[in-house]
Amino acid sequence: MRIMAIDYGDARTGVALSDPTGFLAGQTFLVKSRKEEIVLAELSALARREGAEELVLGYPKNMNGTVGPRAEKCAALGEKLKEATGLPVILWDERRTTVDAHRILGEQGVRSKNRKDKIDSVAATLILEGYLDWKRIQAKRQEKEENHEEGNP
């Protein structure tokens with residue numbers, strides 16, 4: 001199952017795609033536009049072209065867990081993406097992904113002025129990796145529960 005993760009920003013939107021098995025993060029893309037309708041059209045076309053079956057949209061809650069204007073804007077885009085693509089859209093709590101992306105690029109020696117076009121794709125990859133890890137944990141839990149129900153240790 002190919003999964004597409006999205007880090008929706010004001011000027012740029014980072015996108016990360018899983019491999020076809022839905023196990024590893026793979027390709028990244030960048031949509032450069034401030035206009036929601038262009039971002040929506042490009043994301044929809046990318047999802048179709050790449051065979052995405054599920055969309056994971058970064059949902060930037062405030063640090064205290066409340067939902068602010070940015071999260072509301074992302075949720076609204078999520079509804080439009082769901083309508084435009086017919087795919088399920090999962091809102092994924094992405095607190096700190098941009099901070100972590102800056103740290104990662106800094107550790108790799110990428111200078112601050114050169115990070116602008118990379119930061120959103122790295123953040124989308126972090127969203128995707130977090131979601132894929134969560135899916136693996138859920139699958140293991142379910143397997144464990146099924147084995148327990150069948151009387152297997």
Side-chain angles (χ1 to χ4, degrees), residues 1-139 142:
M1 167 182 273
R2 196 114 200 239
I3 299 168
M4 187 169 104
I6 303 158
D7 181 51
Y8 180 44
D10 287 326
R12 290 170 308 282
T13 297
V15 179
L17 281 164
S18 74
D19 69 328
T21 67
F23 190 74
L24 298 170
Q27 295 174 282
T28 60
F29 300 88
L30 189 64
V31 176
K32 291 183 180 182
S33 180
R34 293 183 175 275
K35 296 182 179 181
E36 183 184 83
E37 60 273 10
I38 292 172
V39 173
L40 184 63
E42 288 195 30
L43 291 174
S44 298
L46 183 61
R48 275 190 301 278
R49 186 176 73 237
E50 297 295 331
E53 297 174 55
E54 192 171 40
L55 306 177
V56 181
L57 178 61
Y59 189 56
K61 290 183 177 180
N62 296 322
M63 290 309 287
N64 65 2
T66 60
V67 175
R70 186 77 212 157
E72 289 172 355
K73 189 173 183 178
C74 287
L77 179 75
E79 287 302 315
K80 293 174 184 172
L81 270 171
K82 189 184 301 184
E83 188 176 305
T85 64
L87 297 172
V89 176
I90 292 88
L91 297 178
W92 187 255
D93 186 351
E94 62 142 327
R95 284 176 270 188
R96 295 195 46 83
T97 55
T98 300
V99 171
D100 288 342
H102 276 286
R103 180 186 49 76
I104 289 166
L105 289 172
E107 289 171 357
Q108 292 180 349
V110 178
R111 295 177 55 190
S112 293
K113 69 178 188 174
N114 298 332
R115 291 182 195 168
K116 191 165 54 171
D117 281 347
K118 295 179 175 137
I119 203 76
D120 299 297
S121 296
V122 172
T125 301
L126 292 172
I127 291 167
L128 180 57
E129 287 175 346
Y131 181 71
L132 294 175
D133 287 346
W134 177 81
K135 282 189 74 141
R136 281 190 285 276
I137 290 167
Q138 295 299 91
Q142 184 174 351

For atom [atom1] of [X], is the number of surrounding heavy atoms from other residues, nucleotides or ligands below 6.0 Å larger than 12?
X      : atom1 : result
Gln142 : CD    : no
Arg49  : CZ    : yes
Gln27  : CD    : yes
Arg136 : CZ    : yes

Non-hydrogen side-chain atoms of [X] and [Y] separated by less than 4.5 Å:
X      : Y      : result
Asp100 : Arg103 : yes
Leu55  : Lys82  : no
Tyr8   : Glu94  : no

Please report the shortest heavy-atom distance between [X] and [Y], naming the atom on each side.
X      : Y      : result
Ile127 : Ala5   : CG2-CB, 4.0 Å
Leu132 : Phe23  : CD1-O, 3.7 Å
Met4   : Leu43  : CE-O, 3.6 Å
Ala25  : Glu129 : CB-CG, 4.1 Å
Thr28  : Ser121 : CB-CB, 3.9 Å
Arg2   : Gly51  : CB-O, 3.4 Å

Got a second to check how far [X]'s [atom1] is from [Y]'s [atom2], nearest 0.5 Å?
X      : Y     : atom1 : atom2 : answer
Trp134 : Asp93 : CH2   : CG    : 13.0 Å
Tyr131 : Ile90 : OH    : CD1   : 4.0 Å
Lys80  : Ser44 : NZ    : OG    : 11.5 Å
Ile6   : Leu46 : CD1   : CG    : 8.5 Å
Asp10  : Glu36 : CG    : CD    : 11.5 Å
Tyr59  : Arg70 : OH    : CZ    : 12.5 Å

Please check this pair: side chain of [X] against backbone of [Y], looking for a donor-acceptor N/O pair closer than 3.5 Å.
X     : Y     : value
Asp19 : Gly22 : yes
Asp7  : Gly14 : no
Arg12 : Leu30 : no
Asn64 : Thr66 : yes

> Taking it one step at a time, do Phe29 and Glu42 satisfy side-chain contact (heavy atoms from CB on, under 4.5 Å)?
Replying inline: CA-CA 11 Å; Phe29 300 88; Glu42 288 195 30; over 6 Å; no
> Can you list the steps and then say if Val56 with Leu128 is a side-chain contact (heavy atoms from CB on, under 4.5 Å)?
Replying inline: CA-CA 7 Å; Val56 181; Leu128 180 57; 5.5 Å; no
>> Set out, in order, the CA-CA distance, both residues' side-chain angles and the distance that settles side-chain contact (heavy atoms from CB on, under 4.5 Å) for Met1 and Lys135, then state yes or no.
In response: CA-CA 12 Å; Met1 167 182 273; Lys135 282 189 74 141; 3.9 Å; yes
> Picking from Leu105, Thr97, Ile104, what satisfies side chain to side chain contact (heavy atoms under 4.5 Å, CB included) with Ile119?
Replying inline: Leu105
> When you look at Glu54 and Leu87, which way does the side-chain contact (heavy atoms from CB on, under 4.5 Å) test go after all the steps?
Replying inline: CA-CA 6 Å; Glu54 192 171 40; Leu87 297 172; over 6 Å; no
>> Strictly below 4.0 Å, N to O, side chains only: are Asp120 and Lys32 in salt-bridge contact?
In response: no
